[in-house]
2 protein chains.
Amino acid sequence: MLLSKSCTYAVRAALLISKKKIDSGRNYIPVSELAKELDISFHFLTKILQKLTESKIMNSFRGPNGGITLTRSPEKIKIIEIVDAIDGMKLFESCIFGLPTCSDDHPCPLHKQWKLQRIEILKLFKTNTIHDLTINDDEFNLSGK
Amino acid sequence: MLLSKSCTYAVRAALLISKKKIDSGRNYIPVSELAKELDISFHFLTKILQKLTESKIMNSFRGPNGGITLTRSPEKIKIIEIVDAIDGMKLFESCIFGLPTCSDDHPCPLHKQWKLQRIEILKLFKTNTIHDLTINDDEFNLSGK
DNA sequence: CATATTTAAGACATCAATGTCTTAAATATA
DNA sequence: TATATTTAAGACATTGATGTCTTAAATATG
Ligand code: FES
Ligand code: FES
């Protein structure tokens, strides 16, 4: 898999929070609600979202009417920020054959071509914001069911 | 990682076999020799290469002067064959967010864009042969050191 | 203040990928 | 035939990612 499972959960949760904030007008969304709709283990999602609050992409609030919210407006959060917070940037810097040094000076036989490809993938995550992927999302699937 | 570690080992071994056959004129190359030069565990590499002999990409021969060889000439073996034999084609068919069904009828918010990207990656493996990545390989790094 | 709701934190379990080791089978050659 | 070389096969160990569970802390509300 390109992204870790944890990372895909994180992105899907972020998109759902964005949608739910718009649809319901609430600010904080409980993790239990997200987990249920995304069909993800509640405790596991909690742990993943904690990383996003640590990295200031999300904010949490305890107690009744508490939950998780996005710290910024969805159009100001790029997908790459979430990917970076969970998986890091290694994918976009490393050799497709897993060699320890990937550089133009020390290329493997696919270096030149893979470098171009991974830049395109990076662009995918850098140009799309949470907002971009939330709009029109009635047609879109987030739930795994 | 895009490819599993096992898969990267398999491709690197295939490239080295190709090179060694040309350079030394031998047909069968011992796994121990490959493992040493690629800095991979001998027993582990043995197991991985067994999958490639099962899938008829390589052929093995026991005893003195035995080893592993490519069944076809390097220009007739595409990288995707090795990737498919070890990792399968799932990467090129599945959702970037890990959702169970990835299709135009059931798209996640990144489906359209990711579909284009994964086709390009697939092309990378479909258009390059072992031969393509073996030529001029004095400048190229396979060894992890 | 008592209770219910919610996240935080961390211990623990499970699983698949990776890696190690031992024994068996095949083959060449002296 | 005896020995050395080499792959085949499979048991076993290690590791990191994933998933579960329990307890603590914070907060709202009656
Ligand atoms: S060295 Fe392999 S992709 Fe850069
Ligand atoms: S459904 Fe997500 S990439 Fe196709």
Side-chain angles (χ1 to χ4, degrees), chain A residues 1-13 17 20 26-36 38-71 83 85-88 90-91 97-98 100 144, chain B residues 1-10 12-13 17 20 26-36 38-71 83 85-88 90-91 97-98 144:
Chain A
M1 263 209 296
L2 190 82
L3 304 176
S4 72
K5 230 169 174 186
S6 297
C7 188
T8 67
Y9 291 172
V11 176
R12 286 165 56 204
I17 291 171
K20 280 187 164 286
R26 288 175 296 168
N27 194 16
Y28 289 98
I29 315 288
V31 180
S32 55
E33 192 179 321
L34 300 169
K36 201 169 188 182
L38 296 172
D39 199 26
I40 299 173
S41 144
F42 162 67
H43 289 290
F44 192 35
L45 184 57
T46 298
K47 247 198 289 194
I48 294 166
L49 294 186
Q50 275 171 26
K51 285 188 196 157
L52 296 184
T53 62
E54 277 165 30
S55 46
K56 312 282 185 196
I57 295 166
M58 296 187 181
N59 192 24
S60 69
F61 199 82
R62 293 199 250 204
N65 308 314
I68 303 279
T69 193
L70 303 172
T71 46
V83 171
I86 305 294
D87 281 355
K90 214 178 152 192
L91 172 65
F97 294 146
Chain B
M1 263 208 297
L2 191 80
L3 303 176
S4 72
K5 231 170 173 185
S6 297
C7 188
T8 66
Y9 290 171
R12 285 164 57 203
I17 291 171
K20 280 186 164 285
R26 288 175 296 168
N27 194 16
Y28 289 97
I29 314 290
V31 179
S32 56
E33 193 179 321
L34 300 170
K36 200 170 188 179
L38 295 172
D39 199 27
I40 299 174
S41 145
F42 162 67
H43 290 289
F44 193 35
L45 184 57
T46 298
K47 247 197 291 193
I48 294 165
L49 294 186
Q50 276 171 26
K51 286 189 196 158
L52 296 185
T53 62
E54 279 166 28
S55 46
K56 313 283 184 194
I57 295 166
M58 296 187 179
N59 192 24
S60 69
F61 199 83
R62 293 199 251 204
N65 307 315
I68 303 279
T69 191
L70 303 172
T71 45
V83 172
I86 305 296
D87 280 356
K90 214 178 151 192
L91 172 64
F97 294 146

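Per chain, numbering begins at 1; letters A, B, ... match sequence-line order. Owing to the predicted nature of the structure, the values given are computational and were not obtained by experimental measurement.
- Without hydrogens or angle criteria, Asp87(A) side chain to Ser4(A) main chain gives a donor-acceptor distance under 3.5 Å.
- At the heavy-atom level, Phe42(B) lies under 4.0 Å from base atoms of the strands shown.
- The distance from the CD1 atom of Ile17(B) to the CG atom of Leu70(B) is 5.5 Å, given to the nearest 0.5 Å.
- Within the structure, the salt bridge (Lys or Arg N to Asp or Glu O under 4.0 Å) test picks out the following pairs touching residues 26-36 of chain B (sequence neighbours left out): Lys20(B)-Glu33(B), Arg26(B)-Glu33(B).
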Give every pair of a protein N or O atom and an N or O atom of nucleotides 24-30 of chain D that lie under 3.5 Å apart, one pair per line with the distance.
from	atom 1	to	atom 2	distance (Å)
dA25(D)	N3	Arg62(A)	NH1	3.3
dA26(D)	O4'	Arg62(A)	NE	3.4

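- The line from CE of Met58(B) to CD1 of Ile68(B) is 7.0 Å long, rounded to the nearest 0.5 Å.
- Nucleotide dT14(C) has dA17(D) as its partner under the Watson-Crick or G-U criteria, with both atom distances under 3.5 Å.
- As rounded to whole Å, 9 Å separates atom P of dG10(D) from atom CD of Gln50(B).
- Remark: P of dT6(D) and CG of Leu49(B) are 15 Å apart, rounded to the nearest angstrom.
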I'd like a table of donor-acceptor pairs (distance under 3.5 Å, sequence neighbours excluded) in which one partner is a side-chain atom from residues 59-67 of chain B, with atom names and distances.
from	atom 1	to	atom 2	distance (Å)
Asn59(B)	ND2	Tyr28(B)	OH	3.3

Under 3.5 Å, which donor-acceptor pairs do the side chains of residues 38-54 of chain A form with other protein atoms, sequence neighbours left out?
from	atom 1	to	atom 2	distance (Å)
Ser41(A)	OG	Phe44(A)	N	3.2
Thr46(A)	OG1	Phe42(A)	O	2.8
Thr53(A)	OG1	Gln50(A)	O	2.7

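- For Met1(B) against Lys5(B), the heavy-atom pair with the smallest separation is CE-N, 4.0 Å.
- Per the geometry, NE2 belonging to His43(B) stands 12 Å off C1' belonging to dA9(D), to the nearest Å.
- For dA8(C), one of the phosphate oxygens OP1 or OP2 lies less than 4.0 angstrom from a side-chain nitrogen or oxygen of Ser60(A).
- Note that the CG atom of Leu34(A) and the CD1 atom of Ile29(A) stand 7.0 Å from one another [nearest 0.5 Å].
- Closest non-hydrogen pair, Ala10(B) versus Ile86(B), comes out as CB-CG1, 3.9 Å.
- Regarding Asn27(A), its CG atom lies at a distance of 15 Å from the C1' atom of dT6(C), rounded to whole Å.
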Using atom names, set out every protein N or O paired with an N or O of nucleotides 11-17 of chain C below 3.5 Å, distance rounded to 0.1 Å.
from	atom 1	to	atom 2	distance (Å)
dA11(C)	N6	Lys47(A)	NZ	3.4

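- Distance, Phe44(B) CZ to dT7(D) P: 17 Å, rounded to whole Å.
- The partner of dC12(D) is dG19(C), by the rule that a Watson-Crick or G-U pair needs both atom distances under 3.5 Å.
- Taking every side-chain heavy atom of Ile68(B) into account, dT7(D) is the closest of dA8(C), dT7(D), dG19(C).
- Note: CD (Glu54(B)) to C1' (dA8(D)) measures 10 Å, nearest angstrom.
- Taking atom NZ on Lys36(B) and atom P on dT6(D), their separation rounds to 12 Å, with Å as the unit.
- Atom-to-atom, CD1 of Ile48(A) to C1' of dA9(C) comes out at 15 Å; the value is rounded to the nearest Å.
- At dG19(C), one or more side-chain N or O atoms of Tyr9(B) fall inside 4.0 Å of OP1 or OP2 (strictly under the cut-off).
- Residue Ser41(B) places its side chain closer to dG19(C) than to any other of dT22(D), dT7(C), dG19(C).
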